[in-house]
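Take a look at the structure below.
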Amino acid sequence: MWLAIKLAYRNLIGAGLRTWLNVIVLSFSFVVIIWMKGIMVGWDHQAKTDMANWEIGAGQYWHENYDPYDPFTFSESHNEIPSQLESEIDKGTMTPMLIVQGTIYPQGRMQQVILKGIDPDQNVLKLPSAKLDTAITVLPAFIGQMMARTMKLDVGDRVMVRWRDAHGTFDATEIEIIDIFSSNVPAVESGQVYIPLQSLQQMTGLENRATIFTFSNEVMGRDAVAGLVLKSKSDLTKTVDDMIKTKNSGQSVFYFILILLAMLAIFDTQVLSIFRRQKEIGTYIALGYTRKQVVGLFTVEGAMHAIFAAIVAAAYGIPFLAWQAKIGLTMPVDTSEFGIAIAQTLFPVYSVGLIVTTTLIVLIVTSIVSYFPSRKIAKMNPTEALRGKIQ
Amino acid sequence: MNERNNNADTKKSPLGDLGVAIIKTNQLIKRFPMGKGEFTALKGIDLEFGTGEFAGLIGPSGSGKTTLLNILGSLDSPSDGEAIVLGQSVSKLSAKGAARLRKESLGFIFQSYNLLQVHTVFENVEFPLLLLNYTAAERKKMVMDALEWVGLTDKVKSKPPKLSGGECQRVAIARAMVKRPSLVLADEPTANLDAANSHNILKTMETLNRELKTTFLFATHDEKVIGYLKRKIFMKDGLVDHEEIVNN
């Protein structure tokens, strides 16, 4: 094996440009696959971090009737704040949120919204709730950038909001937009208006009640709370996982095409080698190689392209990937319109596992692609091969 | 000069006294498929060669000399009869056994040199030693010795495309001789060379034969080569027609 590696190395280096063209194509596959996979991992990482920071914390308790995708459940989704959660709320490691349906009337238009009551003193989520602690004559509210854009609202704008209280009676008041935040998490921005928790509780007649409780410390084996359902961080980020999985499957097609192109180059070189190097094959046999050993030599030669490619890819790929990790990939269009947790700039994250796996996959595929044409050598007549006669 | 026919008492090497027989063929037949039938290239060859011979199979194209050389080099197997090379029956050798015989005991010189084009002169000559697992230091010494025999020590780093035909063939001789094989099989070694280069090559081989006692067996129809041979086996239509022994 060592001899095959040594000879393959000499043959490849000796072949010059032919080798390096294949190596460059293959190295391109390495870098692009690692970069694209890195983007996906980075996106996954960023989406989950942003969700944790802005929406879900380390997990949540939901009212058992609460379904974020069905606003009709909101009127039935609130509990008295359970006494067993009070200590965490007092410590500031948990924050309650009351969620009700409402309507706003920006510039004479009517728009369904979700009114979220949030404690101005909370520090569990990055939402700018502290800004609600203000002394203005109307109800203070903040909204996300996406909401501001679709509603054409700006800081300082006043807008009418209408809701139904616990008894089903409609009521309305004016709110003032005191802040607009940007989060990369559409679920906390789209169609949502944040007002002080206590105000919303009073407006709806739901004093001391809340729909969800977000906690900042992920405590294993949390106690069950009557009427509430515990949602772990992994439960709440499942949609992101599913989306990344779907995206990964889609990208696999791209990887396949990329590897296919590189493998075509290797396959082509191998087939050409076997035709053009018949005399050489015959010579190896005459000098004491078995045909199996020659097949092995040609397979190692093909596989060695992948090793060279990994080295070449490292030479220009490491600086490129490091640069990308630093400046990220900025989306050419506004990502807030995508409706998924995606930042305007995605920063790729590369792991050792990603690099090792990619290298191994390319190496194994290259070896297989190299082996198949080389098998023809096993059927060659060495005396014909020595004369360079095409077989 | 003695002249003999291919009869029973001419089977034995006339130079057999120099050493033990290293090649012996017995009613060697080789057939090749041709269309729906067969073509018989060797029609029953009985020959014997001893250690240190400088012999040649001479004949026109199609006389069977290259086929015989290929069988003796264990690159091909006989259809019938027997070929014993260095005590081993070629037809009974496995692929591995044949490869071992070639690797350890045989040297080949080809008409078109068959050098590894992308390897340097040193690497070409080193190749058989790599197969025999010599150490780097041993290889270096043996390669340099071999290149000294053929007068190419100044070309170690050159690659075959940069060498002349004569130089290429000298590299091929060095490669064949570097492991000090018992037998060197040379198929038309001067066919691509001019007269001056041919004589150079042949003198080199003659010297190596004399000094290292290596058996050289040629397949040729080149008059220049024939002039150097000590034993000439004339072949015609797959049979040994007659032999000539040159007495110095």
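Below, chains carry the letters A, B, ... as their sequence lines are ordered, and counting in each starts from 1. Any value given below was found using the heavy atoms of this structure, including those in side chains, with hydrogens, waters and symmetry copies removed. What you see is a predicted model, and the numbers here were worked out from it, not measured in a lab.
No more than 12 heavy-atom neighbours from other residues, nucleotides or ligands sit within 6.0 angstrom of NZ on B:Lys236. Within a 6.0 Å radius of CZ in A:Phe347, more than 12 heavy atoms belonging to other residues, nucleotides or ligands are found. Within 6.0 Å of NZ in B:Lys103 there are more than 12 heavy atoms belonging to other residues, nucleotides or ligands. For A:Lys48, the NZ atom is densely surrounded, since the number of other residues' heavy atoms within 6.0 Å is greater than 12. Within a 6.0 Å radius of CZ in A:Phe320, more than 12 heavy atoms belonging to other residues, nucleotides or ligands are found. The environment of A:Arg375 atom CZ is dense: over 12 non-hydrogen atoms of other residues, nucleotides or ligands sit within 6.0 angstrom. The 12-atom threshold is exceeded at CD of B:Gln27, counting heavy atoms of other residues, nucleotides or ligands nearer than 6.0 Å.
Residue contact with chain B, scored on non-hydrogen atoms closer than 4.5 Å, is absent for A:Lys292. Both the backbone and the side chain of B:Glu123 come within less than 4.5 Å of a heavy atom of chain A. Both the backbone and the side chain of B:Leu75 come within less than 4.5 Å of a heavy atom of chain A. Within the 4.5 angstrom heavy-atom criterion, atoms from both the backbone and the side chain of A:Leu287 approach chain B.
Going from atom CG of B:Leu131 over to atom CD of A:Gln293 covers 7.5 Å, rounded to the nearest 0.5 Å. Note that the CZ atom of B:Phe127 and the CG atom of A:Leu3 stand 6.5 Å from one another [nearest 0.5 Å]. A:Thr383 OG1 to B:Asp76 CG: the interatomic distance, rounded to the nearest 0.5 Å, is 5.0 Å. With rounding to the nearest 0.5 angstrom, the NE2 atom of B:His119 is 6.5 Å from the CD atom of A:Glu280.
Nearest heavy atoms, B:Asn114 versus A:Leu386: ND2-O, 3.2 Å.
By number of non-hydrogen pairs under 4.5 angstrom with chain A, the leading residue of B:Leu115, B:Thr66, B:Leu132, B:Val118 is B:Val118. The residue among B:Arg100, B:Lys96, B:Arg175 with the most heavy atom pairs within less than 4.5 Å of chain A is B:Arg175. Most heavy-atom pairs under 4.5 Å with chain A: of the set B:Leu130, B:Leu101, B:Asn70, B:Thr67, this distinction falls to B:Leu130. Ranked by heavy-atom pairs shorter than 4.5 Å toward chain A, the options B:Ala95, B:Ser112, B:Gly73, B:Pro128 are led by B:Ser112.
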Query raised in the report: Between A:Thr283 and B:Phe108, is a side chain to side chain contact (heavy atoms under 4.5 Å, CB included) present by the stated rule, with each step listed?
Result: CA-CA 9 Å; A:Thr283 307; B:Phe108 288 89; over 6 Å; no
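Salt-bridge annotation for B:Glu126 and A:Arg10: present, with a side-chain N of the basic residue lying under 4.0 Å from a carboxylate O of the acidic one.
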